[in-house]
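Just so you know, residue 1 is the first one in the sequence shown, and it goes up from there.
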Amino acid sequence: MPAPDNSVLVPIDVLGGESVPRTVIDVLASVPVVLLGYRELPEQTGTDQARDQYGSRVRAELDELHTVFEDAGCLDVSSRVVFTHDRLKTFERVAVETDCDAILLLNPAPVLERVLVAVRGDVNLEYIARFLGAVLADTDLEVTLFHVAPDEDERNRRTELLGAAVDELVATGVDRDRIDTSIVVDGSPTQAILEAAADHDLLVVGESRPSLRRYIFRDRAKKLARGTVDPVLVIRGEYLEDDADATDS
């Protein structure tokens with residue numbers, strides 16, 4: 001399996017007052033970052049009209065943020081500006097076009113010390129661990145690998161799954177002492193993840209199957225981002241291909 005490039009797409013609604021917390025900038029300093037200045041528009045508003053009216057302002061804000069990332073030690077920063085009628089579709093398309101391995105859905109992060117990683121299954125487990133290893137390399141963040149089992153009979157098997165995840169993460173250079181694991185039995189995985197995220201500062205979720213790509217990203221990740229006060233980092237599956245039907249609105 002080829003090593004991931006470890007790049008992260010960071011969409012920012014600068015016109016809506018959104019910004020990237022400095023704690024998040026420091027964590028992402030070790031990986032390439034693509035800043036996506038965007039604005040989601042009402043259907044009746046044309047993208048060309050919005051670009052003419054607000055494009056230079058968004059670009060100026062991104063240029064300032066670009067400098068902040070560079071000052072934090074991030075040596076590979078690029079940026080794009082889009083106006084769209086479907087922000088999540090645009091995030092996904094731009095991530096494919098720019099070969100980003102993850103998408104950060106922003107929420108405030110005044111403190112960033114503990115990371116919750118929701119492990120869904122063993123598909124792409126090595127890929128996710130290697131990406132996390134790159135992000136965590138120059139930090140002291142503590143990591144909890146979290147899994148929701150469907151019933152008690154599955155708990156032991158899922159314990160083995162988390163053990164394998166720990167081994168994969170340790171293999172990337174993360175100290176085993178920084179890694180904890182947790183398994184709960186719950187019929188509502190999304191709610192269980194949100195409850196666990198309340199005790200953490202950054203939530204990491206990963207895609208697992210191509211057939212569930214749109215459900216995982218557009219539905220579950222969106223619910224998680226809206227239901228937690230933490231930033232949510234969505235690690236994309238390595239199998240994703242460009243979608244010819246996905247275009248800017």
Side-chain angles (χ1 to χ4, degrees), residues 1-12 18 20-21 23-38 65 69 72 74 76-80 87-107 109 112 115-121 123-139 141 143-146 165 168-169 172 174 193 197 200-210 212-225 228 230-243 246:
M1 179 185 300
D5 294 329
N6 306 320
S7 52
V8 180
L9 180 70
V10 184
I12 313 150
E18 195 170 50
V20 186
T23 50
V24 171
I25 292 174
D26 290 339
V27 168
L28 296 181
S30 61
V31 298
V33 170
V34 178
L35 303 174
L36 179 66
Y38 78 93
L65 190 56
F69 268 88
C74 186
D76 189 348
V77 188
S78 59
S79 60
R80 295 179 63 165
R87 67 188 182 94
L88 292 179
K89 182 178 180 180
T90 296
F91 296 172
E92 187 178 31
R93 180 185 61 77
V94 174
V96 172
E97 289 180 353
T98 57
D99 293 323
C100 284
D101 304 282
I103 303 169
L104 181 68
L105 305 179
L106 286 170
N107 275 321
L112 214 170
V115 178
L116 182 73
V117 182
V119 179
R120 302 187 67 252
V123 178
N124 283 323
L125 190 58
E126 179 185 355
Y127 181 86
I128 291 172
R130 291 164 71 182
F131 180 88
L132 283 173
V135 172
L136 300 174
D138 298 324
T139 76
L141 295 177
V143 182
T144 300
L145 301 177
F146 181 78
E168 292 285 0
L169 194 51
T172 69
V174 178
I193 292 170
H200 295 76
D201 310 307
L202 173 66
L203 173 60
V204 178
V205 295
E207 298 174 323
S208 62
R209 290 183 177 87
L212 296 180
R213 170 172 63 124
R214 295 187 183 282
Y215 166 73
I216 293 168
F217 181 72
R218 294 192 181 181
D219 188 54
R220 175 164 292 177
K222 180 168 63 175
K223 289 180 179 177
L224 290 171
T228 179
D230 302 332
V232 178
L233 184 66
V234 183
I235 300 180
R236 300 172 52 242
E238 64 170 345
Y239 46 75
L240 288 185
E241 300 293 340
D242 199 353
D243 182 351

Are Leu36 and Val10 close enough, and set up right, to give a side-chain contact (heavy atoms from CB on, under 4.5 Å), and what steps lead you there?
CA-CA 6 Å; Leu36 179 66; Val10 184; over 6 Å; no

Start with the C-alpha gap between Phe146 and Val119, add the side-chain angles, then the distance that decides, and say whether side-chain contact (heavy atoms from CB on, under 4.5 Å) holds.
CA-CA 6 Å; Phe146 181 78; Val119 179; over 6 Å; no

How far apart are the C-alpha atoms of Ile235 and Val204, what are their side-chain angles, what is the distance that settles it, and do they pass the side-chain contact (heavy atoms from CB on, under 4.5 Å) test?
CA-CA 7 Å; Ile235 300 180; Val204 178; 3.7 Å; yes

Take Leu104 and Val234 through the test side-chain contact (heavy atoms from CB on, under 4.5 Å) and record every step on the way to the result.
CA-CA 6 Å; Leu104 181 68; Val234 183; over 6 Å; no

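With hydrogens and angles ignored, the 3.5 Å screen pairs a side-chain donor or acceptor of Ser30 with a backbone N or O of Ala134. Panel note: side chain Thr98, backbone Val34; no donor-acceptor pair is recorded below 3.5 Å.
Counting heavy atoms from C-beta outward, Arg80 and Val94 have side chains that approach closer than 4.5 Å. No side-chain heavy atom of Val117 sits under 4.5 Å from any side-chain heavy atom of Thr144. You'll find the side chain of Leu106 reaches within 4.5 Å of the side chain of Pro21, heavy atoms only. A 4.5 Å side-chain heavy-atom check between Leu202 and Leu116 finds every atom pair outside the cut-off. Side-chain contact between Leu136 and Val143 is present, with heavy atoms from C-beta onward closer than 4.5 Å. Side-chain contact check for Phe69 versus Leu35: some heavy-atom pair is nearer than 4.5 Å. In this structure the side chain of Phe91 reaches within 4.5 angstrom of the side chain of Leu105, judged on heavy atoms.
A salt bridge is absent between Arg130 and Glu168; no separation between the charged side-chain nitrogens and carboxylate oxygens falls under 4.0 Å.
Contact between Cys74 and Val31 at its shortest, heavy atoms only, is SG-O, 3.3 Å. Shown here for Ala29 and Ala72, the closest heavy-atom pair between the two residues is CB-O, 3.5 Å. Nearest heavy atom pair, residue Ser7 against residue Phe131, reads O-CE1, 3.8 Å.
Residues forming a salt bridge (Lys or Arg N to Asp or Glu O under 4.0 Å) with Asp26 (at least two apart in sequence, or on another chain): Arg22. For Thr139, the side chain to side chain donor-acceptor pair (under 3.5 Å) partners two or more places apart in sequence, or in a different chain, are Arg178. Residues passing the side chain to side chain contact (heavy atoms under 4.5 Å, CB included) test with Ala95, sequence neighbours excluded: Leu9, Cys100, Ile103, Arg236.
Summarising the geometry, atom CD belonging to Glu126 is positioned 10.5 Å from atom OG1 belonging to Thr172; distances are rounded to the nearest 0.5 Å.
With Val27 as reference, Leu141 is the one residue of Leu233, Asp201, Leu141 to meet the side-chain contact (heavy atoms from CB on, under 4.5 Å) rule.
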